[in-house]
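The chains referred to below are lettered A, B, ... by the order of the sequence lines, with proteins before strands, and numbering in each begins at 1.
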Number of protein chains: 2
Amino acid sequence: MNANTYHAEAVKDLSKVFKVLSEPNRIRILMSMGLECAPVSAIIARTGLSQTNVSFHLRVLREAGLVKGERNGSFIFYCLYDTKLLEILSGLTDWREASQKARESEYTQSA
Amino acid sequence: MNANTYHAEAVKDLSKVFKVLSEPNRIRILMSMGLECAPVSAIIARTGLSQTNVSFHLRVLREAGLVKGERNGSFIFYCLYDTKLLEILSGLTDWREASQKARESEYTQSA
DNA sequence: CATTCATATGCGCTATTACTCATATGTGTA
DNA sequence: TACACATATGAGTAATAGCGCATATGAATG
């Protein structure tokens, strides 16, 4: 049992989270929710995506444990499972923007 | 121009990074590099992946600006473009592990 | 210059995924 | 009960990604 097998579970879960977050529209949905819960119809309005598509992405986000939905009358309110996700997203954005110029000017090639 | 279009570029870049990180083997490659540069052969040995596959993933990681490669004789040494990526990965791992139990016991369903 | 070693690349295959359309489920209300 | 609204789900499709095999490139060494 080396370092790889030791982190196997963590790697597995991490890659799943990354896969879920690799869809631009899912990121937009997460950002559109912000700190407060919102019904699906609000998310549809904010993102401009189709109802079917939003529903599809919400399920993916839900199954990944990134959002949760609670029924309230005929509406279902969705919110971030952990609002810390917003900080993570903005932190990563800052990180990428900070190194963007360096990446653009540097070669980083192979041969 | 609303909030969505304002963040459009950031969302685009973020989703690309997440997509690159959504591959378990790529995460393993990144972790196997750690803080120091290593030739491809070392990465192959550490991960147990095929040479073709490692080369393929390294290109993806390189084009995403996550690693850089420098030739040294007949070897090409790869290293993290920014070692802060390691902290990010471990930070996210901790974040997921911390909420894992809650996610497992809670419903987080839709209807 | 021929050979060997390290690494990259093109091709074909298969599996996955995001999307739309149509339809189903569930809730509130007359 | 019937109807309207909010949301979920299933089928079908087109695009993409990861993998292995074979091969190419490029550096070192005799």
Side-chain angles (χ1 to χ4, degrees), chain A residues 4 11-30 32-33 37-64 66-79 107-111, chain B residues 4 8 11-12 14-30 32-33 37-64 66-79 107-111:
Chain A
N4 291 328
V11 168
K12 213 171 177 180
D13 179 74
L14 262 193
S15 64
K16 278 182 187 170
V17 176
F18 285 136
K19 191 167 208 168
V20 170
L21 293 173
S22 69
E23 239 296 310
N25 287 332
R26 282 200 278 267
I27 298 183
R28 292 177 58 213
I29 288 175
L30 291 173
S32 82
M33 292 195 298
C37 299
V40 180
S41 51
I43 298 173
I44 293 171
R46 292 172 189 167
T47 58
L49 299 174
S50 74
Q51 182 265 318
T52 303
N53 202 8
V54 169
S55 228
F56 168 73
H57 286 310
L58 281 177
R59 168 148 72 156
V60 176
L61 290 167
R62 198 191 334 129
E63 289 177 346
L66 296 180
V67 306
K68 55 183 171 183
E70 284 180 15
R71 173 147 244 149
N72 190 332
S74 57
F75 292 82
I76 299 179
F77 283 74
Y78 276 92
C79 30
Y107 258 27
T108 70
Q109 62 186 9
S110 63
Chain B
N4 291 327
V11 168
K12 214 171 176 180
L14 262 193
S15 64
K16 279 183 186 169
V17 175
F18 285 137
K19 190 167 208 169
V20 170
L21 293 174
S22 70
E23 240 296 310
N25 287 332
R26 283 200 278 268
I27 297 182
R28 293 176 57 212
I29 289 174
L30 291 174
S32 81
M33 291 195 299
C37 299
V40 181
S41 51
I43 298 174
I44 293 171
R46 291 172 190 168
T47 59
L49 299 174
S50 74
Q51 183 265 320
T52 303
N53 202 9
V54 169
S55 226
F56 168 73
H57 286 310
L58 281 177
R59 168 148 72 157
V60 176
L61 290 167
R62 198 191 334 129
E63 288 177 347
L66 296 181
V67 306
K68 54 184 171 182
E70 284 180 16
R71 174 147 243 149
N72 190 332
S74 57
F75 291 82
I76 299 179
F77 283 74
Y78 276 92
C79 30
Y107 259 27
T108 69
Q109 62 187 8
S110 64

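Atom CZ in A/F56 sits roughly 15 Å away from atom C1' in C/dC21 (whole-Å rounding). A straight line from CZ of A/R71 to P of D/dT7 spans 8 Å, rounded to a whole angstrom. Remark: P of D/dA17 and CZ of A/F18 are 17 Å apart, rounded to the nearest angstrom. Between the NE2 atom of B/H57 and the P atom of C/dT7 there is a distance of 17 Å, given to the nearest Å. Here the P atom of nucleotide D/dG26 and the CD atom of B/E70 are 19 Å apart, to the nearest Å.
In this structure, the side-chain contact (heavy atoms from CB on, under 4.5 Å) partners of B/N25, at least two apart in sequence or on a different chain, are B/E23, B/R28, B/L49, B/N53, B/H57. Residues meeting the side-chain contact (heavy atoms from CB on, under 4.5 Å) test with A/S41, sequence neighbours left out: A/P39, A/F75. With sequence neighbours excluded, the residues satisfying side-chain contact (heavy atoms from CB on, under 4.5 Å) with B/T52 are B/S50. Among residues two or more places apart in sequence or in another chain, the ring pair (Phe, Tyr, Trp, His ring centres under 6.0 Å) test is passed with B/F77 by none. Residues satisfying the side-chain contact (heavy atoms from CB on, under 4.5 Å) criterion with A/S55, sequence neighbours excluded, are A/Q51.
Put simply, the side chain of A/R46 gets close to the backbone of A/S32: a donor and an acceptor are under 3.5 Å apart.
Contact annotation for A/S55: base contact, defined as any heavy-atom pair under 4.0 Å involving a base atom. Backbone-only engagement by B/S50 is indicated by non-hydrogen atom pairs under 4.0 Å involving sugar-phosphate atoms exclusively. As judged by a 4.0 angstrom heavy-atom cut-off over every strand, B/E23 is placed among residues touching the sugar-phosphate backbone only.
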Problem - Intermediate values then yes/no, side chain to side chain contact (heavy atoms under 4.5 Å, CB included), B/R26 and B/V60 - result: CA-CA 9 Å; B/R26 283 200 278 268; B/V60 176; 3.7 Å; yes
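Considering only the side chain of A/P39, D/dT7 comes nearest among D/dT7, C/dT7, C/dA18. The A/S74 side chain lies nearest to C/dG28 when the options are D/dT7, C/dG28, D/dG18. With distances taken from any side-chain atom of A/I76 to the nucleotides D/dC19, C/dA8, D/dA8, the minimum falls on D/dA8. Checking C/dA6, D/dG20, C/dA8 against every side-chain atom of B/Y78, the shortest atom distance belongs to C/dA8.
No hydrogens or angles were tested; on distance alone, nothing pairs the side chain of B/Q51 with the base of C/dA6 as donor and acceptor under 3.5 Å.
The side chain of A/N72 places no N or O atom within less than 4.0 Å of a non-bridging phosphate oxygen (OP1 or OP2) of D/dA6.
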Problem - Sugar-phosphate or base contact per nucleotide [nucleotides 10-16 of chain D; S, B, -; heavy atom under 4.0 Å] - result: B-----S
